[in-house]
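Presented below is the structure to which this report refers.
Residue numbers count from 1 along this sequence. For ligands, and for the atoms within them, numbers begin at 1 and follow the listed sequence.
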Amino acid sequence: MRVYCAEDYNRASRIAANLISAQIIMKPDCVLGLATGSTPIGTYEELIRRYEQGDLDFSKVHSINLDEYRGLSPENDQSYRYFMNRHLFDSVNIDKKNTFVPDGLEPDQEKACRDYEETIRAHGGIDLQILGLGHNGHIGFNEPGGVFEKQTHCVTLTENTREANARFFASMDEVPTEAYTMGIGSIMQAKKIVVIVSGESKKEIVKKAFLGPITPEVPASVLQLHHDVTLVGDKAALSDFPR
Ligand code: F6R
């Protein structure tokens with residue numbers, strides 16, 4: 001595993017953007033696995049800047065997002081499709097037809113999951129997967145539990161995760177209780193993985209995930225078994241982390 005410890009969030013975002021830019025330059029028709037949440041916003045801003053400067057071309061890039069709330073439409077400003085449009089897709093020359101987010105409105109859970117697995121398979125898997133890290137060790141919405149779920153599935157969000165995400169909603173009642181998420185198997189099959197972490201509040205879970213036992217109780221711990229993981233963080237998140 002490679003670790004980049006940056007002075008602050010902005011520099012960490014630039015490093016993550018460097019890694020994504022390198023992927024796009026080396027393979028213009030690559031498949032990016034993308035995440036939402038607060039952490040990658042700075043990275044996406046940096047990618048937009050590079051696109052505007054003429055240094056990056058997204059015209060052949062495909063993207064497959066990790067997750068989506070069940071029951072939210074793409075127009076709902078809390079949906080992850082809306083987030084991706086707002087924070088990246090609307091500002092670069094990616095073809096929206098080539099961007100995939102689980103269908104939060106598909107009432108048939110099994111169909112939603114099957115369709116998403118097929119999307120991942122049809123693209124030949126993911127070249128570079130971007131991940132954030134939940135305070136409870138979740139990746140995507142793979143919550144702590146008894147097993148590593150391999151494929152796309154529907155999850156009941158833990159109260160911990162709903163509370164962490166409530167900051168984006170008008171009230172706790174509006175935070176959805178379920179979500180579709182890519183499984184651990186699909187994430188682990190990505191050729192490369194970049195995990196971005198920021199802030200003191202992530203310090204403990206970063207250590208647990210990357211130095212502790214590999215257990216589904218800390219879903220991100222499975223990343224210790226991946227052959228090409230890069231951890232990018234700011235000092236606040238990585239100060240105690242050995243390099
Ligand atoms: C979002 C996602 C989540 C977040 C995680 C960290 O698509 O998959 O696993 O990466 O909850 O969120 P932030 O970055 O808001 O701390």
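Between N165 and ligand 1, a contact under 3.5 Å exists for no N or O pair. Distances between N or O atoms of K202 and those of ligand 1 include at least one value under 3.5 Å. Residue contacts with ligand 1: G140 is placed with a nitrogen or oxygen under 3.5 Å of a nitrogen or oxygen of the ligand (distance criterion only).
Side-chain contact check for D57 and S59: at least one donor-acceptor pair (N or O, by modelled atom type) lies under 3.5 Å. The closest side-chain donor-acceptor pair between R81 and S73, if any, does not fall under 3.5 angstrom.
Between F58 and N98, the closest side-chain pair of non-hydrogen atoms is not below 4.5 Å. When side chains are defined from C-beta on, D115 does not count as touching Y180, because their heavy atoms never get closer than 4.5 Å.
Taking the centre of each ring, Y116 and F100 stay at or above the 6.0 Å mark.
Of all protein heavy atoms, the one lying nearest to atom 10 (O) of ligand 1 is G132 CA, 3.3 Å. Looking from atom 1 (C) of ligand 1 to the surrounding protein, the closest heavy atom is T36 OG1, 3.1 Å. For atom 14 (O) of ligand 1, the nearest protein heavy atom (residue, atom name, distance) is T39 OG1, 2.4 Å. The shortest contact between atom 6 (C) of ligand 1 and any protein heavy atom is with L133 O, 3.5 Å. Annotation: atom 11 (O) of ligand 1 to nearest protein heavy atom, H138 NE2, 2.7 Å. The nearest protein atom to atom 15 (O) of ligand 1, hydrogens excluded, is given as S38 N, 2.8 Å; this is a heavy-atom distance.
Between Y69 and Y80, the ring planes lie tilted relative to each other; the angle falls in the 30° to 60° range.
Residue contact check for ligand 1: R167 places a non-hydrogen atom closer than 4.0 Å to it.
Counting the atoms of ligand 1 from 1 in the order shown, those under 4.0 Å from a heavy atom of D67 are 1 (C), 2 (C), 7 (O), 8 (O). Those atoms of ligand 1 that come under 4.0 Å of a heavy atom in G37, given as number and element, are 14 (O), 15 (O).
Put simply, the residue from N160, T156, N136 that forms a side chain to side chain donor-acceptor pair (under 3.5 Å) with E143 is N136.
The ring pair (Phe, Tyr, Trp, His ring centres under 6.0 Å) test applied to H87 returns F83, not counting sequence neighbours. Residues passing the salt bridge (Lys or Arg N to Asp or Glu O under 4.0 Å) test with E159 are R162, sequence neighbours excluded.
When non-hydrogen atoms are compared, ligand 1 lies under 4.0 Å from the side chain of L66 (C-beta onward) but not from its backbone.
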